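The structure appears right after this line, and notes come after that.
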Amino acid sequence: MNMKISKLNYQVNSEKTKPIEKVSEIFKGFSVFVNGFTDPPALVIRDLMIAHGGEYHCYYMHRKTSFVIATSIANAKIDRIREKEIFIRADWITESISAGRALPYNQFLIYEKGANEKARIENFFTKTTSSTNEKCGSQSEIGGFLDARNPHFIKDYYARSRLHLISTLAQDMKDFVANLRQNSEKSTKKMRKGNLVFHIDLDCFFVSVALRTRSELINEPVAISHRANSGASSGASSMSEIASCSYPARKCGVKNGMLVKNALKMCPRLVLLPYQFDDYIEVSKRIYEILAGFSMNLRAVSCDEMYLSCPDEKNQEAVEFAEEIRRIIREETGCTASVGIGPTSLIARLATRHAKPDGVHMVTASQVSSFIASEKIKNLPGIGYQMMDKLGENLETCMELQTKSERELAGIFGPKQSAKIWRQCRGLEEDSEEFWEVQIRKSVSCDINYGIRFGKREDLNQLLKAISEEIESKLIQCQMMAGSVTLKLMIRSPNAPIETAKFMGHGHCDTQTKTINLTTSTCRATQILQETMKLSRIILASTKIEDLRGVGVTCAKLKSRTRKDAVEAVKEMFKKKSDVRNVEENEKIEKSVQGSFGFFNLTVIEIGKMERRQKLKGLDWLSMIKCAPTETTVIRIHRYFLFLLKSGRFTELRQQFQKFLDYSADLKKSHKSWFFASNAIQQRIKEESKEFFGIYVDFLTKNEEALMREKMEKKDEEKLQKMKKNWKLVEIIVEESNTKLNKS
DNA sequence: ATCCTCCCCTAC
DNA sequence: TAAGGTAGGGGAGGAT
Ligand SMILES: Nc1ccn([C@H]2C[C@H](O)[C@@H](COP(=O)(O)OP(=O)(O)OP(=O)(O)O)O2)c(=O)n1
Ligand SMILES: [Mg+2]
């Protein structure tokens, strides 16, 4: 059947488009996968590889694909890279071709697990020792437990947080699916109605992984938790959560997310096993690679769960196909998966519950209405405990829910929810078009709601700094700029005890959030920190810092740096009015947190007099930005815009600067580093404009601009001329710090 | 009406 | 001791 044929993956190595002429065999035995935007782009790389005897993979196959071709690798992702996953730059291909042989990859290396490890470890130690000496030491480390005042708290915490792991893995898998589409040239075929939807979900994921090496426990109640390897029967009072429990354990009523102590009450012989984070990463990536071999019409849900859509086959074949998927997953990962099949994602997903554990369940279109009728309402996706509560009464099954009219539901829930539920409980819910489209991130966040016990405002600032840096790293990873910053604080409820039930937990809290919209979007930690500090002072004005239990920062209104909407950001920049009251405050905050951010290495230098007008008039920055920014090019471009600014040529400045930012964000028109360089120049110009005019020039309205021009031209003409001769400018040279980018 | 902010809820 | 993250949908109520 079609599926099985297409299973021989989408390597696109032969057939399809015009056959590619073999020119050489230098890449024989090498295969590459392209991650993100590269120069040359993915499709060119494909042709080059094939023309020179290599292979091009549309998705990464661990231990099969020789190299991942990329421009850079985000810090935020490094922790989840596997052994043998080798990232190199695209010029390995072009240079090898010029050299007429496959060059050793190490000169083109971006990242390889193990290879860079040593350097990273050294780096870590120098950092650790120097900063430990600085400040933190005694108070923030108690018996090996880093509390949130320690600058390494987040890393340490993330290393043990299962929820952080599954969240980030899910995001990685969404990226993987998005990449898959981008790399396979043929954009997704329109989802015809009548397609079959497969829902694939690993059975008790974490437990399955553990049981690969503990097969004697296969029929025993088993659960995964942190408390697993401490003293034998000590779990009786453990407040640890169970991440996943086996099906025998579920028979006793144990559930994922339950406290160990409660689970042990229900099931005293429950066997607790420890986490195996690295293995979850490995298995999760593997199942996505496997499924990518069957179809590109995937939707990633989480690290162990996804949807696949394919043309309707005869029922028998659909089940066979599902069994085939399950067999391969079992053979290659040692974990069992279950598959639900239905005409829509809703039905497929509900079917999976019947399939579990280790099975397949299919619901045909004609069976839908009788199938859904006996489903539990609680199992409908989106209906949790609160909604069940609101429904009240003793409603259990969808059949019972069907007796409620949409109007009745609308009295309990909002308009959207009620419409959705009404359709869901009848099995009528269709999948929207977007369901199968590439999922675009709408926000980036970092929350720490554990281990927060502060005594000073400064403690919070320290954490906010770490969070801001984490967010910067994530924004860079997904190549986005943030247009808004939201701070969320969890504060101990007045009646809640000061000592929480769970050690260092947050206990019962009230949450407060506050949002700021940025006048120009950003990806920089310094600015995010500045905003969150401001917000925190507003929220905490009436609260004791000791009652703080959780801190979260969300960035939204994201703009893609590679898309044209970056232009929008720039246009906005020149429209908004200045909030004069904030200027001073901003500065104060900025002073207090100056320096210490690794991303930009800012060097202050002095340059000589302003050059003459003619010379600068036609500055050819268009060609300058084709190469990596250097001291000279950054200075010259900055000086050019400054000149326009100071000579009052605002219109020209606007046009040119917009174009500059636009081009700098466009990888086709500029070297990638100009994205950052242009940002720094933008910041700089902003500051200088304030210095010079007493107002941010990018906040000028039309009227203000006219006034300003008048002032410039008439009253201050002479003064200006004089100044022009003697300007000494303090400039900033931007250089990307090598902690963030690849070594060359 | 429609938008925005500050929540709450859900899912893994 | 314990590692309670993260992204998306949506509703209430006020502003526009
Ligand atoms: N409260 C939770 C829920 C889930 N997970 C983790 C552990 C699970 O193994 C994994 C997948 O979640 P699932 O909901 O798919 O649950 P399982 O895979 O454990 O069981 P099953 O899918 O068979 O119901 O996510 C977690 O840590 N904490
Ligand atoms: Mg599962």
Side-chain angles (χ1 to χ4, degrees), chain A residues 142-148 153-171 173-174 201-202 205-206 225-228 230-231 234-235 237-241 243-244 256-257 259-261 275 277 280 284 300-306 349 378 380-390 410 412-420 434 439-452 467 470-471 474 484 486-490 499-517 539 549-550 552-558:
Chain A
I142 310 154
F145 184 92
L146 298 182
D147 85 20
F153 171 73
I154 293 191
K155 261 212 158 332
D156 183 71
Y157 178 57
Y158 278 177
R160 302 163 213 272
S161 164
R162 76 185 201 282
L163 290 175
H164 170 74
L165 182 87
I166 64 175
S167 300
T168 45
L169 257 186
Q171 193 56 53
M173 296 308 114
K174 284 171 194 179
D201 189 324
L202 295 189
F205 182 25
F206 289 8
S225 79
H226 272 304
R227 291 281 302 132
S230 51
S234 64
S237 61
S238 170
M239 295 292 287
S240 282
E241 275 180 30
S244 178
N256 288 1
L259 296 182
V260 166
K261 63 168 184 180
Y275 289 99
F277 283 3
Y280 308 147
S284 183
V301 178
S302 74
C303 60
D304 83 323
E305 183 182 350
M306 72 187 91
R349 183 183 163 125
K378 177 71 222 294
L380 294 174
I383 303 209
Y385 294 103
Q386 304 304 316
M387 292 192 86
M388 283 305 281
D389 253 17
K390 282 196 190 171
I412 312 174
F413 308 108
K416 299 253 184 128
Q417 300 270 40
S418 38
K420 183 167 185 207
E434 310 113 77
Q439 301 170 74
I440 299 159
R441 235 185 213 267
K442 294 180 177 143
S443 65
V444 167
S445 64
C446 172
D447 297 66
I448 308 285
N449 299 313
Y450 181 83
I452 307 294
I467 289 179
E470 174 65 22
I471 293 211
K474 283 182 163 199
S484 76
T486 301
L487 179 70
K488 185 194 76 173
L489 297 183
M490 292 182 81
E499 285 294 336
T500 52
K502 192 199 278 280
F503 174 68
M504 284 282 151
H506 58 57
H508 187 263
C509 286
D510 298 319
T511 59
Q512 292 203 49
T513 66
K514 204 122 190 73
T515 303
I516 264 190
N517 288 316
I539 298 181
R549 291 286 181 271
V553 176
T554 302
C555 284
K557 306 215 167 122
L558 301 185

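In the text below, chain A, chain B and the rest are named by the order of the sequence lines, each starting its count at 1. Please read all numbers here as calculations on a predicted model, not as lab measurements.
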Base, sugar-phosphate or nothing for [X]? Non-hydrogen atoms, less than 4.0 Å.
X	value
A/L487	nothing
A/F205	nothing
A/G257	nothing
A/H506	base
A/V301	nothing
A/L169	nothing
A/N517	sugar-phosphate
A/K488	nothing
A/S302	sugar-phosphate
A/N256	nothing
A/T554	nothing
A/C446	sugar-phosphate
A/K557	sugar-phosphate

message: For C/dA2 and A/S238 - does any side-chain N or O of the residue sit under 4.0 Å from the phosphate oxygens OP1/OP2?
response: yes
query: Taking only side-chain nitrogens and oxygens of A/S161, does any of them come within less than 4.0 Å of OP1 or OP2 of C/dG5?
result: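 Checking A/S161 against C/dG5: no side-chain N or O falls below 4.0 Å of OP1 or OP2.
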In whole angstrom, give the distance that lies between atom [atom1] of [X] and atom [atom2] of [N].
X	N	atom1	atom2	value
A/R549	C/dA2	CZ	P	16 Å
A/L558	C/dG8	CG	C1'	13 Å
A/L165	C/dA2	CG	C1'	17 Å
A/L163	C/dA3	CG	C1'	10 Å
A/Y450	C/dA3	OH	C1'	5 Å

field: All salt bridge (Lys or Arg N to Asp or Glu O under 4.0 Å) counterparts of A/K488, not counting sequence neighbours
entry: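 A/D447.
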field: Under the salt bridge (Lys or Arg N to Asp or Glu O under 4.0 Å) test, residues paired with A/R162 that sit two or more places apart
entry: A/E241
- request: Would you mind reporting whether A/K174 and A/R441 have side-chain heavy atoms less than 4.5 Å apart?
  value: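 Heavy-atom side-chain distance check fails, nothing below 4.5 Å.
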field: First-last contacting nucleotides on DNA chain B - partner chain A, under 4.0 angstrom, heavy atom
entry: B/dT5 to B/dC12
Distance-only check: which donor-acceptor pairs under 3.5 Å involve side-chain atoms of residues 506-513 of chain A, not counting sequence neighbours?
from   : atom 1 : to     : atom 2 : distance (Å)
A/H508 : ND1    : A/S493 : OG     : 2.7
A/D510 : OD1    : A/S493 : OG     : 3.4

List the atom of [X], the atom of [Y], and the distance in Å for their closest heavy-atom pair.
X	Y	answer
A/Y280	A/L169	O-CD1, 4.1 Å
A/A300	A/Q439	O-NE2, 3.3 Å
A/T515	A/T486	OG1-OG1, 3.0 Å

- prompt: Picking from C/dG8, C/dA2, C/dG5, which would you name as closest to the side chain of A/S443?
  reply: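 Nearest to the side chain of A/S443 among the choices is C/dG8.
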- line: Among the nucleotides C/dA3, C/dG4, C/dG8, whichever has the atom closest to the side chain of A/R441 is C/dG8
- prompt: With no hydrogens and no angle check, is any side-chain donor or acceptor of A/T168 less than 3.5 Å from a backbone partner on A/H164?
  reply: yes
task: Enter the inter-axis angle for the ends of the helix from B/dA1-C/dT16 to B/dC12-C/dG5 (five pairs per end, rounded to 10°).
output: 10°
Inter-nucleotide C1' distance (B/dC9, C/dG4), Å rounded: 16 Å
task: Over 60° means perpendicular and under 30° means parallel, so classify the ring planes of A/H226 and A/Y275, tilted if in between.
output: tilted
message: Please compare A/M239 and A/S445 by the position of their nearest nucleotide in DNA chain C and report the one closer to 5'.
response: A/M239
- request: Let me have a per-nucleotide readout for nucleotides 9-16 of chain C, 5' to 3', with B, S or -, counting only protein heavy atoms under 4.0 Å.
  value: SSS-----
